[in-house]
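Working notes for the structure below.
Values in this document were obtained by computation on a predicted structure and should not be read as measured data.
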Amino acid sequence: MTKFKKIRKLKKRVDFLKMKIDIISRGTGHASWGKLTNKKQNTSSPLSYYKYMSQNVLLRILEYKTIKITNPLKFNDPMDCTFPDIELDDAGVRKTFYKYVGKEHASLLRTFKSEYDGELQDELLKLKNELKRIGCELAKDWNELIGNYRVLSLTTKADNLLMWSHYADEHKGVVVKFRGSPSFGQPRKVNYFDGPRRLNDFFNSMFSEIVSKETSSGFSEVDSDIAADVTLKIMREYFFMKMSDWKYENEYRLAYEADDKRVRNLEDDLDVLNIQDDDIESIVIGSSVSQERAHELKSLIKSTFPNVNVEKFYREGWTLKCKKV
């Protein structure tokens with residue numbers, strides 16, 4: 001049962017997740033492992049993006065021509081970017097094992113199927129325990145890992161009443177409209193439906209890949225490094241996954257490492273991205289802002305961004321109507 005001895009090496013090999021947890025890799029360039037990450041992305045982009053904010057945040061934008069980019073540990077949703085539960089797909093790993101072992105030992109596999117089944121079941125139990133241990137280690141270091149990133153959240157909706165209440169100081173703030181291709185980066189759409197499942201599928205695909213290599217050519221140190229890099233790349237995808245409760249926000253995000261050259265520390269605990277003059281198309285002032293204050297804000301906006309349109313929402317019955325100030 002030498003093949004099972006190879007599978008037992010997984011206990012040592014999977015430690016790459018712990019050893020590499022602080023490595024922020026940008027890619028792999030390895031065809032075999034690449035198939036785990038080459039998921040087709042929707043390349044179409046909205047014509048514009050919006051950011052809800054208070055007047056104080058707007059004044060900071062006008063003063064520094066920057067926009068805040070947030071540490072994920074400070075998200076308002078406590079479930080956002082928390083470490084997910086991972087379940088091993090017994091059937092998938094079993095299928096992978098029999099696929100590769102069957103190529104070399106087809107006759108033995110047919111003759112001693114029950115023996116293989118019994119020992120494989122033992123190995124799957126060990127794998128499950130190992131996966132649980134890995135999960136605990138990752139969970140322990142998860143905050144340190146995601147704390148190395150900064151995230152900018154935008155939306156494609158300018159008239160959502162809930163977001164005006166939650167993020168724009170109860171309609172006393174503003175909404176900033178950014179062009180579809182802002183200078184600070186191209187936002188990506190958040191997935192509200194199957195994020196945890198997709199992450200779980202990845203881990204099972206990764207374990208199947210490890211098993212396939214162990215049962216064929218062996219799982220090398222190079223494979224270990226590549227798998228670690230792919231794992232961290234996939235985990236960064238978790239910044240673009242949220243619970244379905246938040247789908248009304250239709251959120252788009254940018255995620256950068258904290259030491260990315262585009263991220264600038266403005267002051268203690270405040271990281272920002274620079275804004276170019278043509279990034280902002282218009283600014284809409286909330287319906288609860290007085291007409292006098294709206295004109296004051298317009299003057300401030302125009303002094304920094306003279307080409308930006310300034311509008312204001314007005315309540316008409318149960319709807320908001322946008323008019324120029």
Side-chain angles (χ1 to χ4, degrees), residues 42 44-62 65-70 75-77 80 151-192 240 242 244-255 272-325:
N42 184 0
S44 61
S45 300
L47 296 177
S48 55
Y49 301 95
Y50 298 90
K51 181 68 176 178
Y52 291 79
M53 62 187 68
S54 67
Q55 290 188 33
N56 286 337
V57 174
L58 171 65
L59 295 178
R60 189 163 58 230
I61 287 179
L62 299 180
K65 286 190 176 181
T66 60
I67 187 168
K68 179 181 178 181
I69 187 166
T70 305
F75 283 162
N76 63 321
D77 175 13
D80 200 342
V151 177
L152 173 63
S153 297
L154 303 168
T155 181
T156 57
K157 298 181 178 181
D159 58 355
N160 185 280
L161 295 177
L162 285 177
M163 286 193 281
W164 269 104
S165 296
H166 293 163
Y167 306 123
D169 192 19
E170 298 176 344
H171 298 258
K172 295 188 289 289
V174 303
V175 163
V176 176
K177 180 182 180 181
F178 293 97
R179 61 187 173 94
S181 298
S183 63
F184 45 79
Q186 192 63 52
R188 282 180 48 195
K189 186 173 178 57
V190 168
N191 182 305
Y192 295 102
F240 302 94
K242 291 185 71 172
S244 60
D245 307 61
W246 298 90
K247 63 182 179 182
Y248 72 90
E249 292 188 346
N250 199 36
E251 186 175 349
Y252 282 72
R253 284 180 170 179
L254 281 170
V272 297
L273 298 172
N274 289 329
I275 295 175
Q276 302 298 321
D277 287 353
D278 61 348
D279 282 332
I280 299 178
E281 294 183 348
S282 66
I283 296 177
V284 182
I285 300 170
S287 61
S288 293
V289 177
S290 69
Q291 194 67 21
E292 180 182 1
R293 180 56 178 166
H295 282 286
E296 292 175 356
L297 289 174
K298 178 180 178 180
S299 297
L300 293 172
I301 293 168
K302 287 292 187 178
S303 66
T304 304
F305 299 105
N307 296 322
V308 167
N309 292 321
V310 181
E311 300 171 304
K312 184 182 185 304
F313 270 133
Y314 296 88
R315 289 189 293 268
E316 292 188 6
W318 287 41
T319 62
L320 295 176
K321 298 293 184 181
C322 195
K323 301 178 182 178
K324 287 190 175 182
V325 176

Would you check if [X] and [Y] make a side-chain contact, meaning some heavy-atom pair closer than 4.5 Å?
X      : Y      : answer
Pro187 : Pro46  : no
Ile285 : Gln55  : no
Val190 : Glu249 : no
Tyr50  : Thr155 : yes
Arg179 : Asp278 : yes
Lys68  : Met53  : no
Leu154 : Arg253 : no

State whether the side chain of Tyr192 and the backbone N or O of Glu251 hold a donor-acceptor pair below 3.5 Å, judged by distance alone.
yes
Under 3.5 Å, side chain of Lys302 to main-chain N/O of Val308, donor-acceptor pair present?
yes
Do Tyr314 and Gln291 get their side chains close enough for a donor-acceptor pair, meaning under 3.5 Å?
yes
Distance in Å, [X] [atom1] paired with [Y] [atom2], rounded so as to fall on 0.5 Å steps:
X      : Y      : atom1 : atom2 : answer
Leu300 : Leu62  : CG    : CG    : 6.5 Å
Asn307 : Ser282 : CG    : OG    : 12.5 Å
Leu273 : Thr66  : CG    : OG1   : 8.5 Å
Met163 : Asn250 : CE    : CG    : 7.5 Å
Trp246 : Asn76  : CH2   : CG    : 4.5 Å
Ile280 : Ile301 : CD1   : CD1   : 8.5 Å

Do you know which of Val284, Ile283, Val174 makes side chain to side chain contact (heavy atoms under 4.5 Å, CB included) with Glu311?
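One option only clears the test, and that one is Val284.
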Among Leu58, Leu152, Val57, whose side chain to side chain contact (heavy atoms under 4.5 Å, CB included) with Lys51 holds?
Leu152
Test: Lys323 and Glu316 ion pair at under 4.0 Å
yes
Tell me whether [X] at atom [atom1] has more than 12 heavy atoms from other residues, nucleotides or ligands lying less than 6.0 Å away.
X      : atom1 : answer
Lys321 : NZ    : no
Lys157 : NZ    : yes
Gln186 : CD    : yes
Leu47  : CG    : no

Considering all heavy atoms of both residues, which atom of [X] and which atom of [Y] are nearest to each other, and what is their separation?
X      : Y      : value
Ser288 : Glu170 : OG-O, 3.8 Å
Asp169 : Ser54  : CB-CB, 4.3 Å
Tyr52  : Ala158 : OH-C, 3.1 Å

So which pairs with a foot in residues 167-188 pass ring pair (Phe, Tyr, Trp, His ring centres under 6.0 Å), sequence neighbours left out?
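For residues 167-188, and leaving out neighbouring residues, the ring pair (Phe, Tyr, Trp, His ring centres under 6.0 Å) pairs sorted by first residue read Trp164-His171, Phe178-Phe184.
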